[in-house]
Amino acid sequence: MKILILHTGGTIAMHNTEHGVAPDTTNPLSHLALPVAPDTELVTEEMFNLPSPHITLKEMLALSLRIRTAAQTGFNGVVITHGTDTLEETAYFLQETIGNLIPVALTGAMRSSNELGSDGLYNLLSAIRVANSTAALGRGVVVVMNDEIHAAQFVTKTHTTNVATFRSPTFGPVGVLTKHSVRFFQSPAQQTCIPITSVAGRVPIIKAYAGMTDSFFKLFEPQKLDGLVIEALGAGNLPPKAIPGLHRFIEAQVPVVLVSRCFNGIAEPVYSYEGGGVELAEMGIIFTQGINAQKARLKLIIGLNSPFAKDTQALTSFLKE
Ligand code: ASP
């Protein structure tokens, strides 16, 4: 088995110094002899050395293209080390652009390489075990941290510092690592994979709150945006005074995508009061299926860079799956 390890930076590649945790010129993981099965060949590439708040769609696309090439050149799986802050976004972008092509396991660390109880090396070995396992075939892109395996679609960072930070609200992990095995107990949801080659598009995220009006929406000129993600209330509702601002975007044919700000559940048009989900759906606001706002934004950008970007019906069905 031939596994490609792509390092991108993050705490897993950092040191704690007297001034705080920071990247180093050499990755502390790169000169470690990793105890893997004798038939496993590891090929390591330092793609970036970035804290994950510095990761952009450009780096996500570069990773996606590298994995597509790796799948054609004899690699059986890919491991990516990444900062945990935006790890879920890179994982989701990869899932949506490479699908189940080859097992891909992303991992990181909550404690830097020289901190007591550092989790980086352990997580890296766990991710290699997953990418190297036949159980991972056809499972898509996963996040492996703290002995759990999470699907890219729903995983999210839930704690600022705890090593058990990654959770999949509503759905739970798709698998676990035991001392001797890699076990999956949930199949991934089928998603359309679009191998895009560009990532253009201006799509902000706006979060709803009690007493929200449309004054904030008026700060944006609809023509200057390619899409908008609204993190709505509850089952998918908005304060009524926010609605007139949204009409401007719908009239300008800017796709408006809705997720719920609730941690669990799936937004749906349930309520028919003013500002309720029924009115929003009738206006043409697109309800997504349980993904969070940062992932809905990526999904919209992927759709906008797809061959069907100009086909409103096809774009809407893609966003609703
Ligand atoms: N701020 C760091 C980053 O995302 C945290 C981490 O790596 O876990 O790069």
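What you see is a predicted model; the values in this text were computed from it and never measured. Every number for a ligand or one of its atoms is a count from 1 in the order of the listing.
- Closest to atom 5 (C) of ligand 1, if we only count protein heavy atoms, is Thr11 OG1, 3.1 Å.
- Taking every non-hydrogen atom of Pro53 and a distance limit under 4.0 Å, the qualifying atoms of ligand 1 come out as 3 (C), 4 (O), 9 (O).
- Given atom 4 (O) of ligand 1, the protein heavy atom at minimum distance is Ser52 OG, 2.5 Å.
- For the pairing with His15, the side-chain hydrogen bond (donor to acceptor under 3.5 Å, both in side chains) check across Thr26, Asn114, Asp24 returns one residue only, Asp24.
- At the shortest separation from atom 1 (N) of ligand 1 among protein heavy atoms lies Asp85 OD2, 2.9 Å.
- Protein heavy atom nearest atom 8 (O) of ligand 1, with residue, atom name and distance: Thr84 OG1, 2.3 Å.
- Between Lys157 and the options Thr165, Thr86, Thr84, a side-chain hydrogen bond (donor to acceptor under 3.5 Å, both in side chains) holds for only Thr84.
- Cation-pi check for Lys299 over Phe318 is met; the charged atom lies under 6.0 angstrom from the ring centroid and within 45 degrees of its normal.
- Using cut-offs of 30° and 60° on the angle between ring planes, the pair Phe216 and Phe220 is perpendicular.
- Atoms of ligand 1 lying under 4.0 Å from any heavy atom of Gly10, numbered from 1 in the order shown and given with element: 7 (O), 9 (O).
- Other residues, nucleotides and ligands contribute more than 12 heavy atoms inside 6.0 Å of the CZ atom of Phe308.
- Between Leu57 and Arg297, the closest side-chain pair of non-hydrogen atoms falls below 4.5 Å.
- Every atom of ligand 1 with a heavy atom of Ala109 under 4.0 Å away is listed here by number and element: 6 (C), 8 (O).
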